[in-house]
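Note that the coordinates shown come from a computational prediction; the quantities given were computed from them, not determined experimentally. Just so we're on the same page: letters track the sequence lines, and every chain starts at 1.
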2 protein chains.
Amino acid sequence: MKAQALHGHLDALLLAVLEQGALHGYAIIEALRARSDGNLDLPTGTIYPALRRLERAGHVASTWSTVSGRERRTYQLTDSGRRALAGERAGWREFQTTVGRFLDPGSPPAPA
Amino acid sequence: MKAQALHGHLDALLLAVLEQGALHGYAIIEALRARSDGNLDLPTGTIYPALRRLERAGHVASTWSTVSGRERRTYQLTDSGRRALAGERAGWREFQTTVGRFLDPGSPPAPA
DNA sequence: GTTCGACAAGTAGCGTAGCTACGCATGAAG
DNA sequence: CTTCATGCGTAGCTACGCTACTTGTCGAAC
């Protein structure tokens with residue numbers, strides 16, 4: 001799928017995958033790919049800056065760990081992040097119904 | 001609602017409103033506002049460039065008319081536009097289910 | 001024993017596309 | 001006569017995801 005359509009929804013997705021448990025960056029990418037049946041195959045240049053944005057915003061916290069010689073930075077949701085996720089979900093619902101009113105068939109304009 | 005979330009879906013919305021009949025730019029803005037209960041209040045600087053993009057792409061055609069001294073440019077959907085709209089609808093459906101899998105409650109991860 | 005590919009993190013620079021803030025013109029209202 | 005709604009349009013900004021690249025370890029292949 002055209003990934004640029006994600007604009008503005010990526011943060012919500014990241015928070016959502018972290019909701020189920022802490023993951024490191026690479027694993028987040030794989031989780032997104034897995035849970036979307038391969039539809040979301042996001043490059044590191046998209047994920048890592050987004051994670052740092054979320055960390056600056058206080059929505060996630062990161063801890064370094066070394067696993068078999070490899071450094072990995074594991075991210076976990078903060079309370080603030082959990083609240084942000086709730087807001088994102090509400091926003092998504094609103095966005096979905098608003099756009100859906102134009103693009104979903106069945107209830108177009110005047111429902112007369 | 002945060003309008004920047006529209007990214008990538010605006011063309012689809014414009015095609016959708018024009019699907020029900022030709023409108024001029026200003027009327028399109030009002031139609032979007034009306035059909036979205038005021039959630040979509042898009043500035044002219046968003047709409048006009050988008051319409052010209054769609055026209056360059058051949059998805060809409062425009063005709064000038066003068067109404068009580070005021071020039072207005074009326075846009076109508078072309079066949080190509082109708083096809084594009086169908087594609088946009090399909091894309092929207094895919095986007096919706098993909099993102100929804102993360103943000104809609106009820107069917108989160110392992111559906112075991 | 002060197003090379004290659006998966007894992008893991010990261011940055012610089014680009015492009016797209018919507019938004020802000022304008023400018024211009026007409027007609028009606030006050 | 002000034003203000004506001006209608007109506008079109010553009011220049012420049014900004015946000016943000018993407019491309020392409022670098023660095024580094026480890027295990028497997030050759």
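Between F95(A) and H9(A), the two ring planes are tilted [angle within 30° to 60°].
Of the two residues contacting DNA chain D, namely A27(B) and G69(A), the nearest-nucleotide position lying further toward the 5' end is that of A27(B).
When each of R52(A), E55(A), H24(A) is checked for a side chain to side chain donor-acceptor pair (under 3.5 Å) with S62(A), only E55(A) meets the rule.
Distance L54(A) CG to dC16(D) P: 11 Å, rounded to the nearest Å. Spacing between atom CG of D41(B) and atom C1' of dT20(C) amounts to 14 Å, rounded to whole angstrom units. The distance between atom NE2 of H24(A) and atom P of dA6(C), rounded to the nearest whole Å, is 16 Å. The distance from atom CG of L6(A) to atom C1' of dA15(D) is 14 Å, rounded to the nearest whole Å. Atom-to-atom, CG of L42(B) to C1' of dT20(C) comes out at 14 Å; the value is rounded to the nearest Å. Atom pair I29(B):CD1 and dT6(D):C1' shows a separation of 11 Å (rounding to whole Å applied). Straight-line distance from the CD1 atom of I47(A) to the P atom of dC16(D): 15 Å, rounded to whole Å. Remark: P of dA6(C) and CZ of R33(A) are 12 Å apart, rounded to the nearest angstrom.
Electrostatic pairing of R89(A) and E19(A) counts as a salt bridge here, judged by a charged N lying under 4.0 Å from a carboxylate O.
The phosphate of dG18(C) (OP1 or OP2) has a side-chain N or O of R53(B) nearer than 4.0 angstrom. At dA17(C), none of the side-chain N or O atoms of H7(A) fall inside 4.0 Å of OP1 or OP2 (strictly under the cut-off). For dC19(C), the OP1/OP2 oxygens have a side-chain nitrogen or oxygen of T46(B) closer than 4.0 Å. A close approach under 4.0 Å does not occur between any side-chain nitrogen or oxygen of R72(A) and OP1 or OP2 of dT25(D). Contact between the side-chain N/O atoms of Y26(A) and the OP1/OP2 oxygens of dC7(C) is found at a separation under 4.0 Å. Look at R52(A) and you won't find any side-chain N or O under 4.0 angstrom from OP1 or OP2 of dA9(C).
Between the side chain of T74(A) and the backbone N or O of L23(A), no donor-acceptor pair lies under 3.5 Å.
Residues L103(B) and L85(A) are in side-chain contact: their nearest non-hydrogen atoms beyond the backbone lie under 4.5 Å apart.
Contacts of G25(B) with the nucleic acid, taken as non-hydrogen atoms under 4.0 Å apart, involve only primed sugar atoms and P, OP1 or OP2.
Listed candidates were dG17(D), dT10(D), dG10(C). Nearest to the side chain of R73(A) is dG10(C). In the set dT19(D), dG17(D), dG10(C), dG10(C) carries the atom at the smallest distance from any side-chain atom of W64(A). When the nucleotides dA20(D), dG9(D), dG24(D) are ranked by their closest atom to the side chain of R70(A), dG24(D) comes out on top.
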